[in-house]
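See below for the structure under consideration.
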Amino acid sequence: MRCFSFKISKGSLCLMLLFSFVFSHNLAFSYSFFFESFVALEENKVELFGSEPGGQFGASVASGDYNGDGIQDLVIGAPFVSSNQKEWNGEVYIVFGDGSFSSSITDFSQIPPDLTVIGYSSGDQLGTSLTSGDYNNDGIDDIVVGVYNAAASSDKRPGKVYIYYGKATWGNQGVDYVLGKPDALLAGDDSGDNFGLSLTTQDLNNDDIDDLLVGAPSASTPGKNESGVVYIYSGSSKGISSLFQVAIYGEAEGERFGSSINSGDINGDGNADVVVGAYFADNESSEQTGKVYIYDNIDFADPIVTEPSIVISGKEEKEWFSFSLNSGDVNGDGIDDLAVSSFPYNGDRSQGKVSVYYGGEVFDDIPDVVVAEPVNESMIGASILLEDLDFDDRAEIIIGAPGIGNSSSTDGGDVYIVYSGKIYNSARFSIKDKEVTSIIHGERADDWFGYSLDALDFDGDGYKDLAVGSRYADLSHSNNSGKVSVLWGDGTPFGQEKEIFDSEDEYVTRGELISITVERFNLKNKKSDFIRKCYEYRDFCFFNFLTMSSYDVQLDPDVVLYPDIPLDYKYYEDVTIGTMLGLINGYLNNEDSPFYPENFISRIQALKIVLGAADAVPPKYRFELVNILGSLDQLSNQFSYFADIDTRIDRMWWYPRYVNFAVESYIVDEGEFFRPDEMITKEELDDMIERALKFINSRNEEAEPSRDSEIETDSSGS
């Protein structure tokens, strides 16, 4: 969905409205722009749904022209499909690109894909990884499928890789390709090698034929247990060789060397270099910081490589530096640059980031570009692409950030895009401050939207489209069946142009907000009886909170509800009271359910707390609101006074309940935009609270009968 056709006229209107708002409210704002898309509302897309419950369709995606018709095709992995009386054998689906594609939804339980590859044995998890290339030099792309847990015998699971050579005619639709039918088969050596967990394609020997790189991150090398190996298989006019030409050995045990691999000409010498990630590697002082190993001038005459040319190490404990890798020319100098994600799944998730290192004869281990500061539960860097989307010969930075909680996530996930033309103005881009070019929001909580990414011209119109996998997406009849959304590209940024309001006033943190609210609404006095009883019956008072929190909550002798709100913290009492009253909770899906008092708070969250403190809008669970409204359809089609609140966006299901009441009670002004997810400033909060207090006073006045009415009632004898 684009707004370029009316950008001038609508932009002028938006600016006039903006200036009117600023002057009438006497607030000091500057503004900038970014592009925002909500997949749930996007019209320019095609959506492909998995058919099997738990199959995790979209866990991997890749593309190429597999039938030689000049239009790129899409291959999708669903490694946890159980089919043919097997469990978790996995399936892979090929969907041929088509110039006549229209925006639609395709459910593979109703409409079969063009081709299906079915895992041979239970537990194979076929389709965990995918790549494409022309390995037999016939001008048609070939498909490579990783089966990292494939069985070789009843007691050995070394992993395998299947290669299917592209052809103009594939035969009947829905053909099952099983073990023994691939055009080429590669296998690991020992059980648990995880051979095929990662794959990539590159011409490494400069013969103009693609070669295949296969990661086996748990393979052992002489004297080193589970040090990891990356194998290189050369392509030729006869296809992929059955024996590897080069093996690159990992340096240390247990690093998961080869869990991610990529290749590009990083040093600009005209030869492709191999980049290997080991996200479990330790540095001198911390565990699981992660490392990247770069190998230049791979010599096919030397079958064993042990010494990297360059090593880059992560810095923080459990940073998982190198979880995802990609290469491309970001700065337009003709030399490939390297993008590396830090994906601290078991560490401090707020430190997730993507670092881009410019290639060149001198390679610096200090990143030139960093994209960081995620929001909510979106974890930056599950996947990375460096792809030129706007034809300026410079690659954009495309980042998948699925929503990831401890057991489940309240966040659908996002995709962030930094266009290379913007990089000249900055070396660091904050997601929180919307400094990226485009933000694409997933649809529903815990979909893991953005776990996999690919860019391809799926409809043959000459523009790159964006394929985004949501491996845990649900279809109406199945959970975690998975989904892939293909957003049609047109060479311009994805999404609609939005203004960013940057106030000179300070933003409000979560700790400040609850402290201000407790004080301004005099909650310690007004709710003193409730607070006293809550302390007397603590187990009962905090029962619901205890069931939701993963923290070892302390109730006696003192109440400690959050790991980051100790007894001596400045907001301890206010946060405890706010939790007692049900106004606030911590990040319940994060480990130990922290409160994060120093995080800024959004306008919609602030409004919810203010209206709760005013006893104006009692909170409701989702199922309760569905019962009140009558159906899920009613929930997703609620009226809103504001254009930027739409309950077809799943996470906004509760927004109208608070915002509509606030408009109708004159606590906020009606207008075109409410900006619900932007951070609230102190001046905005003060205005909101002042109006809420006036609402309380007027409500109390209406509730109290006048002296005259009391006299009339008495004289009537009622």
Side-chain angles (χ1 to χ4, degrees), residues 1-3 6 10-11 13-14 16-18 20-21 24-25 29 31 33-43 45 375-376 410-412 414 434 439-445 447 449 495-501 601-614 616-681 684-685 687-689 691-692 695:
M1 189 181 298
R2 307 288 187 264
C3 67
F6 56 86
K10 186 171 182 181
L13 175 61
C14 287
M16 286 189 289
L17 290 171
L18 169 65
S20 174
F21 174 85
S24 64
H25 288 72
F29 282 99
Y31 63 91
F33 298 95
F34 76 107
F35 294 82
E36 186 172 37
S37 173
F38 294 90
V39 167
L41 307 182
E42 186 62 68
E43 297 176 356
K45 68 181 177 184
V375 293
N376 300 323
T410 58
D411 194 316
D414 300 314
K434 296 183 173 65
I439 299 177
I440 306 170
H441 299 289
E443 186 169 0
R444 290 190 170 87
D447 277 1
F449 176 82
Q496 289 188 327
E497 194 171 45
K498 299 287 184 69
E499 295 88 357
I500 304 171
F501 295 85
I601 194 163
S602 68
R603 287 168 52 81
I604 187 65
Q605 290 284 355
L607 179 62
K608 181 181 179 182
I609 291 170
V610 166
L611 293 181
V617 182
K620 297 290 182 185
Y621 290 108
R622 186 187 183 107
F623 75 89
E624 292 178 309
L625 193 53
V626 170
N627 289 336
I628 292 171
L629 296 174
S631 69
L632 280 171
D633 285 341
Q634 293 289 338
L635 182 76
S636 60
N637 288 283
Q638 296 174 70
F639 166 75
S640 171
Y641 286 101
F642 298 97
D644 53 1
I645 293 179
D646 191 321
T647 48
R648 289 176 294 173
I649 301 168
D650 189 61
R651 61 184 169 82
M652 294 187 179
W653 64 269
W654 57 274
Y655 289 16
R657 176 175 170 79
Y658 293 90
V659 176
N660 290 354
F661 179 91
V663 169
E664 292 161 4
S665 303
Y666 305 103
I667 295 171
V668 300
D669 292 329
E670 184 179 354
E672 186 176 4
F673 302 112
F674 180 69
R675 309 182 348 259
D677 300 314
E678 290 186 24
M679 302 302 104
I680 194 166
T681 68
E684 290 174 317
L685 177 62
D687 179 68
M688 187 183 290
I689 290 176
R691 293 182 181 211
F695 162 78

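- Here the NZ atom belonging to K620 is positioned 9.5 Å from the OH atom belonging to Y658, to the nearest 0.5 angstrom.
- Here the side chain of Q638 pairs a donor or acceptor atom with the backbone of L635 at under 3.5 angstrom.
- Between P656 and T647 the shortest side-chain heavy-atom distance falls below 4.5 Å.
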Hey, mind stepping through D677 and Y655 against side-chain hydrogen bond (donor to acceptor under 3.5 Å, both in side chains) and telling me if it holds?
CA-CA 10 Å; D677 300 314; Y655 289 16; 2.8 Å; yes
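- Between R648 and E443 there is no salt bridge, since none of the side-chain N atoms of the basic residue sits less than 4.0 Å from a carboxylate O of the acidic one.
- Considering all non-hydrogen atoms of both residues, V659 and V668 come closest at O-CG2, 4.4 Å.
- Checked against the 6.0 Å centroid criterion, the rings of Y641 and F639 qualify as a close aromatic pair.
- Here the shortest heavy-atom pairing between M652 and I645 reads SD-CA, 3.8 Å.
- The aromatic rings of F695 and F661 lie perpendicular to each other, with more than 60° between the two planes, well past the 30° mark.
- Contact check on D669 versus R691 returns a salt bridge, with a Lys/Arg side-chain nitrogen under 4.0 Å from an Asp/Glu carboxylate oxygen.
- Under the 4.5 Å side-chain criterion, counting only non-hydrogen atoms from C-beta, D414 is not in contact with I440.
- The backbone N or O of D644 lies less than 3.5 Å from no partner atom in the side chain of R675, so there is not a single donor-acceptor pair.
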Can you list the steps and then say if M679 with I601 is a side-chain contact (heavy atoms from CB on, under 4.5 Å)?
CA-CA 5 Å; M679 302 302 104; I601 194 163; 5.8 Å; no
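- Across S602 and P676, no two heavy atoms sit closer than the pair CB-O, 3.6 Å.
- Annotation: side-chain hydrogen bond (donor to acceptor under 3.5 Å, both in side chains) contacts of N660 (sequence neighbours excluded): none.
- Under a 3.5 Å cut-off, the side chain of S636 and the backbone N or O of D633 do form a donor-acceptor pair.
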Would R657 and L625 count as a side-chain contact (heavy atoms from CB on, under 4.5 Å) here? Give the steps.
CA-CA 9 Å; R657 176 175 170 79; L625 193 53; 4.3 Å; yes
Can you list the steps and then say if L611 with I667 is a side-chain contact (heavy atoms from CB on, under 4.5 Å)?
CA-CA 9 Å; L611 293 181; I667 295 171; 3.6 Å; yes
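- Within the 4.5 Å cutoff, the side chain of R651 has heavy atoms near those of the F38 side chain.
- Between E36 and K498 a salt bridge is recorded (basic side-chain N to carboxylate O distance below 4.0 Å).
- The two atoms that bring S37 and E42 nearest to each other are OG-OE1, 2.8 Å, heavy atoms only.
- For N627 and Y621, the side-chain atoms include no donor-acceptor pair closer than 3.5 Å.
- Counting only N and O atoms by type, the side chains of E684 and T681 include a donor and acceptor under 3.5 Å apart.
- At distances below 3.5 Å, not a single donor-acceptor pair connects side-chain atoms of N376 with backbone N or O atoms of D411.
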Does the pair V626 and W653 meet the rule for a side-chain contact (heavy atoms from CB on, under 4.5 Å), with working shown?
CA-CA 10 Å; V626 170; W653 64 269; over 6 Å; no
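- The side-chain heavy atoms of K45 and V39, taken from C-beta on, include a pair separated by under 4.5 Å.
- Looking only at side-chain heavy atoms (C-beta outward), M688 and I680 come within less than 4.5 Å of each other.
- Salt bridge R622/D650: present, at least one basic N to carboxylate O contact under 4.0 Å.
- Side-chain atoms of R603 come within 3.5 Å of backbone N or O of F674 as a donor-acceptor pair.
- Applying the side-chain hydrogen bond (donor to acceptor under 3.5 Å, both in side chains) criterion to K608, with sequence neighbours excluded, gives no partner residue.
- With hydrogens and angles ignored, the 3.5 Å screen pairs a side-chain donor or acceptor of D447 with a backbone N or O of R444.
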